[in-house]
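All heavy atoms count here, side chains included; hydrogens, waters and symmetry mates do not. Order of appearance sets the numbers: ligands from 1, and atoms from 1 within every ligand.
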Amino acid sequence: MPDQITTGLTDAHRDLHAFIAGLPKAELHVHHVGSASPRIVSELAARHPDSRVPSDPEALVDYFTFTDFAHFIEVYLSVVDLIRTPEDVRLLTYEVARDLARQQVRYAELTITPFSSTRRGIDERGFMEAIEDARKAAEAEFGTVLRWCFDIPGEAGLESAEETVRLATDDRLRPEGLVSFGLGGPEIGVPRPQFKPYFDRAIAAGLRSVPHAGETTGPETVWDALTHLGAERIGHGTSSAQDPKLLAHLAENRIPLEVCPTSNIATRAVRTLEEHPIKEFVEAGVLVTINSDDPPMFGTDLNNEYAVAARLLRLDERGLAQLAHNAVDASFLDGPAKARIKEEIDTYTTTWLAP
Ligand SMILES: [Zn+2]
């Protein structure tokens, strides 16, 4: 009997995975360089043989096995070092879109850190043209719509904030696909309020505010992001669970959280998946979206994050379809475009569940 029970559960589980694989989705929190899969890294490494990153895909699997967070940062930076020319930027962006399209991602807001590239001497105009060229090609060839979030690498200080807001608001440079402005990197020792003038300028230029907050520090960082940076969505917001008033505020004001469960474990922001506060967010009525952050680096992808969410929230197909709706609702798409993807989600789900 135990065998039968196990088999039954496995089949149901397998069905849910197949459902997720075909479910049309939106991805709102995924980083450009952090999306470089071993396949993409291998191509980039082959172009730059002087790099210490292996170009052999099998060796790359070992290379991407992290011993701790410091090791992850080291590997991440070695991948950043492979992006040296606008053509590298184009290749990375276009191939990331291909990986998203394979997962039935119809729309993604990709977080790009232009400062990492411009400080390394990549021509800023060439950089913008490369991402835009990849965006248009991806939409035409894969049907995946990309939009950009330019984020400040917090650890690089106010100089990087100035550079990022300049690139995001200068009419001669600002790419057509840019919709939002963010803030990433470590939170400890990088208080959010100091970035207020830069967010003010980005918001005045029509960009939406989506800082990371409450990933590795307490709920006060999320309050800071709301109060000082005008946050419309919160990247992670994991520690919000420690503050019932904050949860109520997020729910009441429909401020979504971009939840990335596996990332939170990989970076040790949360100890185990079982301890992840996603359930508390849902119970408090907060609009939860599921995202992948730096998927290949954390050994995950968006489909796997949906499977994790299904397990933690005990969701069936309709529950998963609702999560997919949440991401579309929380996106910066216009009304008709949101309606189109949601209709596609509903049609897919109804067809799947039809007897
Ligand atoms: Zn992130």
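The aromatic rings of H32 and F127 lie perpendicular to each other, with more than 60° between the two planes, well past the 30° mark.
Listed by chain and residue number, the protein N/O/S atoms under 2.8 Å of the Zn ion (ligand 1) are H29 NE2, H31 NE2, H212 NE2, D293 OD1, with waters left out.
Around CD of E58, the count of heavy atoms belonging to other residues, nucleotides or ligands within 6.0 Å does not exceed 12.
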Next on the checklist: Before you tell me yes or no, could you show the steps for R102 and D301 under salt bridge (Lys or Arg N to Asp or Glu O under 4.0 Å), namely the whole-Å CA-CA distance, both residues' side-chain angles and the distance that decides it to 0.1 Å?
Outcome noted: CA-CA 11 Å; R102 278 197 190 122; D301 61 18; over 6 Å; no
Checklist entry - Passes salt bridge (Lys or Arg N to Asp or Glu O under 4.0 Å), D346 versus K342? Steps please. => result CA-CA 6 Å; D346 292 344; K342 289 203 285 186; over 6 Å; no
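Legend: residues meeting salt bridge (charged side-chain N to carboxylate O under 4.0 Å, His left out) with R172, ordered by chain and number and at least two apart, are D170.
Ion pairing between E109 and R233 holds under the 4.0 Å rule for side-chain N and carboxylate O.
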